[in-house]
Every structure is written in structure tokens, then in C-alpha cells.
Amino acid sequence: MSTTRHELLHAFDLLLAPGRFKDYGPNGLQVEGRTVVRKIVSGVTASRALIEAAIHAEADAIFVHHGLFWRGQDGCVTGWMKQRLGLLLGDDVNLFAYHLPLDAHPELGNNAQLGLQLGLVAHPGSAGRFGEQELGFLGARENGENFTSAKALATHVEKVLKRPVTLVDTAHRPIKSIAWCTGGAQGYFEAAIAAGADAFITGEISEPQAHYARELGVAFLACGHHATERYGAQAVAAHVAAQLGLKHEFIDIDNPA
């Protein structure tokens, strides 16, 4: 089975609705490759390692969360940009990238899929969203139980994501209401606190968040930017591939960040 580049772009756009978001870079087709697509490789970031692995896997298209182009770049095709573009153009491979739209999708996005992995479920409707552009998710454990402490929550997250978690917690109380937003969403912590969270899960921590956690008694868990965003791209690409009858393969390029 195969489809066209145009039909594949239409399917991604229809699912992710990129026009709804103010984003840091272009969403959609970032690099045009061959017209006919039979296989999609998905990954987190359009790194050289992922592009090389996708070419080796005979992909016609790559689908990622972090693409090549971001607001504020100087636009010069040198160094790492030349290397990545050279590989894509040389092998005629399409690159599709969706940033905030991929975070936000209510079933297949990064936040929804991280919640699924961790056994968390967002509250229905607007009660289950917070922060700018309502990207953050707010909810509780799917089984209805509380975590006995933030440490217990951190241990659970470490087991699922298979990596250490940075935990800041001074309240030492049971955790019922949990907010989460994948990747570099540490700036959403204050909005999570305002929404009533007992704990906030994200990828990274910056200097201010440790103080907020200590002073306001809300636990902060930094679980890795890459580690928290491994699930959305593969879920969306698998869904669209099945819809269009294409082959799909997720390739995870390890990243300690």
C-alpha cells in the first residue's frame, strides 16, 4: 500500500489541527521528499542519527515532534543543519514535524500518551486542562487511588520511564491531584499550582521551580525532556499509517536530557 505526500500531510493536519496553535516553528511538511510514501519512521527529534536510521530502514517519510526549523534561527544552512538537510534531500525523504499540536492531541498526543503510560487520566472537559493554550493536563490515577507521597509517585514514574527523576518535595503528603505537561514545560508549574495540583510532572526543571515547590508545598518532578515525549509521535504516526495502509516503525534515539 502507498499514499502520496499530499495525502499524508492532509491526514496529519486533519488529525492535529496545527492552525489552532501559536507555535515556535512551522508545523507540517518541513522538508519535501518523494511523492509516493509507503513507509513512515517516527521519532522524537529530527537528529542526524534518526535521519540516518530512517534512511537505513528505507523510510519515505519521517514524523517527529522536534523538527529542523525554529523561530530565531539565523537561517544559514551550515554545520549540523547542512548535514541533516543533505541526508534528507540526498535520499529524497519527507520530514513532517508537529510541535505543540502533538503535545495537545487529547488521545494520541504527548500528554495523553504519557498519562496512559503512567496510569493517569485527565478530568473531563476544561477541568482537565490548564496553562497557556490549555496544553497542560490535570487529573488523577486511573484506579482512583492516591499516591501515598510524592516519593511514591516519583518511584512509579522512574519504573515506567526507566530513568531517574529529579523530585523536589517538602510537603510530604498524599498525592491526589496530578498535573503533567511533557518536555520543557517547567514554566507551566505556577499554572499547575493555581489549578490545584498536588504534584506536577514535566521533563525539565529550571532554577525558580525548586523554590516554588518548597514555598508552596507542591511537588515538582523533572523526568526528562526526551523520556516524557517518546510516546506521542509514535502513536500519531502509527494511527495515520494504519488509516492509510502504510508501514510504520518507531525509532528511539537515546537522549539523556
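For reference, positions follow the sequence shown, starting with 1.
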D252-H226 side chain donor-acceptor pair, cut-off 3.5 Å: yes
Pairwise side chain to side chain donor-acceptor pair (under 3.5 Å) hits with a residue in residues 232-242, at least two apart: none
Minimum heavy-atom distance between F189 and A213, given as atom pair plus value: CE2-N, 3.6 Å
Cluster companions of Y231 among Ile, Leu, Val, Met, Phe, Trp, Tyr (side-chain spacing under 4.5 Å): L114, L118, L120, F137, F147, L153, V157, V160, L161, V165, L167, I175, I178, W180, I201, L221
D13: side-chain contact (heavy atoms from CB on, under 4.5 Å) partners, not counting sequence neighbours: L9, P18, Y98
Verify same cluster id: M1, F63 (apolar side-chain graph, 4.5 Å): no
Residue pair L108 / A112: nearest heavy atoms and the distance that separates them: N-CB, 4.3 Å
Listed once per pair and sorted, the side chain to side chain donor-acceptor pair (under 3.5 Å) pairs that draw on residues 38-48, sequence neighbours left out: K39-E249, S42-H248, T45-H66, R48-Q83
Audit row: L102, V236, side chain to side chain contact (heavy atoms under 4.5 Å, CB included) steps and yes/no: CA-CA 8 Å; L102 183 59; V236 166; 3.5 Å; yes
Co-membership, hydrophobic cluster, residues L87 and L50, 4.5 Å side-chain: yes
T155 side chain near K151 side chain, heavy-atom distance below 4.5 Å: yes
For L138 against A179, the heavy-atom pair lying closest together: CD1-CB, 3.9 Å
Donor-acceptor contact below 3.5 Å, side chain R214 vs main chain T170: no
side-chain hydrogen bond (donor to acceptor under 3.5 Å, both in side chains) partners of T228, counting only residues at least two apart: none
Rounded distance (nearest 0.5 Å) linking atom CG of N146 with atom CZ of R141: 8.5 Å
Between N111 and D103: side-chain donor-acceptor atoms closer than 3.5 Å: no
Y212 vs F200 side-chain heavy atoms within contact, under 4.5 Å: no
pair L16-N27: side-chain heavy atoms closer than 4.5 Å: no
L116: hydrophobic cluster co-members (side-chain, 4.5 Å): none
Set of ring pair (Phe, Tyr, Trp, His ring centres under 6.0 Å) partners for F69, sequence neighbours left out: none
Within one Ile-Leu-Val-Met-Phe-Trp-Tyr cluster: L216 and Y188, side-chain cutoff 4.5 Å: yes
Inter- and intrachain pairs under side chain to side chain donor-acceptor pair (under 3.5 Å), touching residues 119-135, at least two apart: none
Check: V93 and V41 side chains under 4.5 Å, non-hydrogen atoms: no
Enclosure of H211 NE2 (heavy-atom neighbours >12, cutoff 6.0 Å): yes
Salt bridge (Lys or Arg N to Asp or Glu O under 4.0 Å) pairs, two or more places apart, involving residues 188-202: R173-D198
Rounded distance [0.5 Å steps], CG in L29 versus CG in L95: 7.5 Å
Heavy-atom pair of closest approach, residues T3 and L244: CG2-CD1, 4.1 Å
Partners meeting side-chain contact (heavy atoms from CB on, under 4.5 Å) with H10 (sequence neighbours left out): L14
Backbone of A235 reached by a side-chain donor or acceptor of Q113 within 3.5 Å: no
Counterpart residues, side-chain contact (heavy atoms from CB on, under 4.5 Å), relative to A222 (two or more places apart): T166, I205, F220
Any donor-acceptor pair under 3.5 Å from N110 side chain to G232 backbone: yes
Donor-acceptor contact below 3.5 Å, side chain R34 vs main chain D91: yes
Side chain N94, main chain D60, donor-acceptor under 3.5 Å: yes
Shared hydrophobic cluster for I62 and V37 (ILVMFWY, side-chain gaps under 4.5 Å): no
Smallest separation among heavy atoms of G43 and A233, with atom names: O-CB, 3.4 Å
Side-chain heavy atoms of L135 within contact of F21, under 4.5 Å: yes
Sub-4.5 Å side-chain heavy-atom contact between E158 and R163: no
Whether Q186 side chain and P208 backbone form a donor-acceptor pair below 3.5 Å: no
CZ-CD distance between F12 and Q243, expressed to the nearest 0.5 angstrom: 9.5 Å
Within-4.5 Å side-chain heavy-atom neighbours: Q117 and R230: no
Nearest-0.5 Å distance, CD of residue Q209 to CD of residue E207: 8.5 Å
Gap separating the CD atom of E204 from the OG1 atom of T182, nearest 0.5 angstrom: 10.5 Å
L15 reachable from L100 in the ILVMFWY side-chain graph, under 4.5 Å edges: no
Heavy-atom closest contact (Q30 atom, L68 atom, distance): OE1-N, 2.8 Å
Apart from V44 itself, residues in the same hydrophobic cluster as defined by side-chain heavy atoms under 4.5 Å: none
